[in-house]
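These notes concern the structure reproduced below.
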Amino acid sequence: MNVLGIESSCDESAVAIYHTERGLLADLVHSQASLHGPAGGVVPELASRDHLKKLAPLIREALRQAEMQLSELDAVAYTAGPGLVGALLVGTSLGASLAWSLGIPAIPIHHMEGHLLATGLSAAPPQVPYLCLLASGGHTQLVWVKAPGDYEILGHCLDDAAGEAFDKTAKLLGLGYPGGAPLAALAEQGTPGRFQFPRPMLNRPGLDFSFSGLKTAVATLVAKLEPLNSQTKADIAHAFECAVIDTLVTKCKRAVKLSKVQQLVLAGGVGANKRLRAELTAGLQPDAELLVPPPSLCTDNAAMIAYAGAQRLSQARPPAKVKVRARWPITELDAVLQ
Ligand code: KG4
Ligand code: ZN
């Protein structure tokens with residue numbers, strides 16, 4: 001079965017085709033980073049307009065790469081939330097109307113569930129029950145996966161998400177938007193130990209996260225030291241990255257001990273961070289194994305949406321209505337899009 005995936009929840013227009021036996025046949029991502037860069041963050045209206053321009057040509061190109069016709073598609077999966085409502089509406093309207101015109105099922109997908117399932121594209125899927133650390137630009141959640149589609153949130157961010165903290169700190173250091181990857185690259189040049197930032201919420205019980213205090217600590221230091229030379233910027237980036245990673249690793253270890261699972265999946269854009277991947281792999285030993293998709297499948301893509309759609313093919317129905325949800329808890333998958 002050929003599943004077309006469409007992702008348009010934020011600032012990436014992405015299209016993929018996943019075949020249930022042959023795997024990924026096409027996987028295209030168009031980043032809007034240069035469009036939003038001057039504003040220092042995503043401008044929702046610009047994002048919607050750009051999705052409108054890019055998605056149809058991307059579908060044509062994906063079909064060309066997969067060497068197939070529209071008529072050979074068996075289902076269309078698209079991100080229906082959470083995300084920017086206008087941006088979601090572009091992909092959802094296109095996906096649902098394409099499915100309707102072809103007489104095939106339309107499958108609305110939860111963006112964070114797409115991230116959560118993405119490891120299955122590169123390796124054997126984890127065995128339930130397992131844990132997932134979802135760390136993206138808008139979410140930081142520790143999710144207990146009891147069965148496919150049955151999720152319980154054990155911990156979440158009380159303020160800024162991990163990716164948001166990376167982006168805001170990168171902005172303070174003049175690194176542009178989105179800042180996670182450039183900040184991580186700069187941190188590699190940093191001098192270990194020159195600066196030390198607080199590890200938020202580590203001395204409190206529980207599995208929740210809070211990163212806004214850390215960002216404030218960076219802002220205070222930057223204001224004190226300005227103007228910053230390039231080595232000082234790198235040293236701050238290093239200390240910031242260590243503080244975030246230390247916090248994430250400690251909470252994951254705690255969650256593994258509590259839930260006694262043997263596998264933890266790392267997913268979402270922050271999962272592309274090399275140091276986090278290495279420290280989490282080491283930190284979970286010997287209690288649990290870390291599963292993580294390649295970096296390109298951690299950040300936003302449509303392969304994960306097509307793959308999530310393929311997992312839901314048995315529940316897929318003809319499209320009934322176009323409905324999106326800007327906020328959508330992953331624990332309410334069934335309630336929303338009926
Ligand atoms: O999952 P994602 O692509 O989009 C959302 O669903 O939000 O995550 C984007 C976030 C951004 O905040 C970006 O700065 C961060 O992931 N990110 C990183 C890295 N690559 C992307 N953060 C830290 N290290 C990275 N290498
Ligand atoms: Zn995402």
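One-based numbering, in listed order, for ligands and for the atoms of each. Nothing here was measured: the structure is a model prediction, and the numbers come from that model.
Listed for the Asp74 side chain is no donor-acceptor partner under 3.5 Å among the backbone atoms of Val3. Counting only distance, with no hydrogens or angles, the side chain of Asn229 and the backbone of Pro227 share no donor-acceptor pair below 3.5 Å. At least one donor-acceptor pair under 3.5 Å links the side chain of Ser31 to the backbone N or O of Ala33.
Within the protein, the N, O or S atoms lying under 2.8 Å from the Zn ion (ligand 2) are His111 NE2, His115 NE2, Asp300 OD1.
The shortest N or O to N or O distance between Gly269 and ligand 1 is below 3.5 Å. Some N or O of Gly163 is nearer than 3.5 Å to an N or O of ligand 1, by distance alone. At a 3.5 angstrom cut-off on N or O pairs, Asn273 counts as close to ligand 1. Considering backbone and side-chain atoms together, Gly180 places an N or O closer than 3.5 Å to an N or O of ligand 1.
For ligand 1, the atoms closer than 4.0 angstrom to any heavy atom of Gly138 are 7 (O).
Looking from atom 10 (C) of ligand 1 to the surrounding protein, the closest heavy atom is Gly137 N, 3.5 Å.
Pairs passing the side chain to side chain donor-acceptor pair (under 3.5 Å) check and including a residue from residues 13-29, sequence neighbours excluded, read Ser13-His51.
Within the 4.5 Å cutoff, the side chain of Leu225 has heavy atoms near those of the Thr232 side chain.
To the nearest 0.5 Å, atoms OG1 (Thr247) and CG (Leu202) are separated by 4.5 Å. Note that the CG atom of Leu221 and the CZ atom of Phe195 stand 5.0 Å from one another [nearest 0.5 Å]. In this structure, the separation between CD on Glu241 and CD1 on Ile236 is 14.0 Å, given to the nearest 0.5 Å.
Ring geometry for His111 versus His115: interplanar angle over 60°, hence perpendicular rather than tilted (30 to 60°).
Taking all heavy atoms of Asp300, Asn301, Val270 into account, the minimum distance to atom 4 (O) of ligand 1 is reached by Asp300.
Counting heavy atoms closer than 4.0 Å to ligand 1, residue His111 contributes side-chain atoms (C-beta onward) but none from N, CA, C or O. With a 4.0 Å heavy-atom cut-off, ligand 1 is reached by no atom of Lys274. For Asp167, every heavy-atom contact with ligand 1 shorter than 4.0 Å involves the side chain, none the backbone.
Using a 4.0 Å heavy-atom cutoff, Met112 is absent from the residues neighbouring ligand 1. The shortest heavy-atom distance from Ala181 to ligand 1 is under 4.0 Å.
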Under 3.5 Å donor-acceptor pairs involving side-chain atoms of residues 129-139, not counting sequence neighbours:
unit_1	atom_1	unit_2	atom_2	d
Ser136	OG	Gly138	N	3.3
Ser136	OG	His139	N	3.2

The test is salt bridge (charged side-chain N to carboxylate O under 4.0 Å, His left out); show your working for Glu332 and Arg325 and say whether it passes.
CA-CA 11 Å; Glu332 292 175 17; Arg325 214 173 140 176; 3.4 Å; yes

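Qualifying side chain to side chain donor-acceptor pair (under 3.5 Å) partners for Arg60, counting only residues two or more places apart in sequence or in other chains: none.
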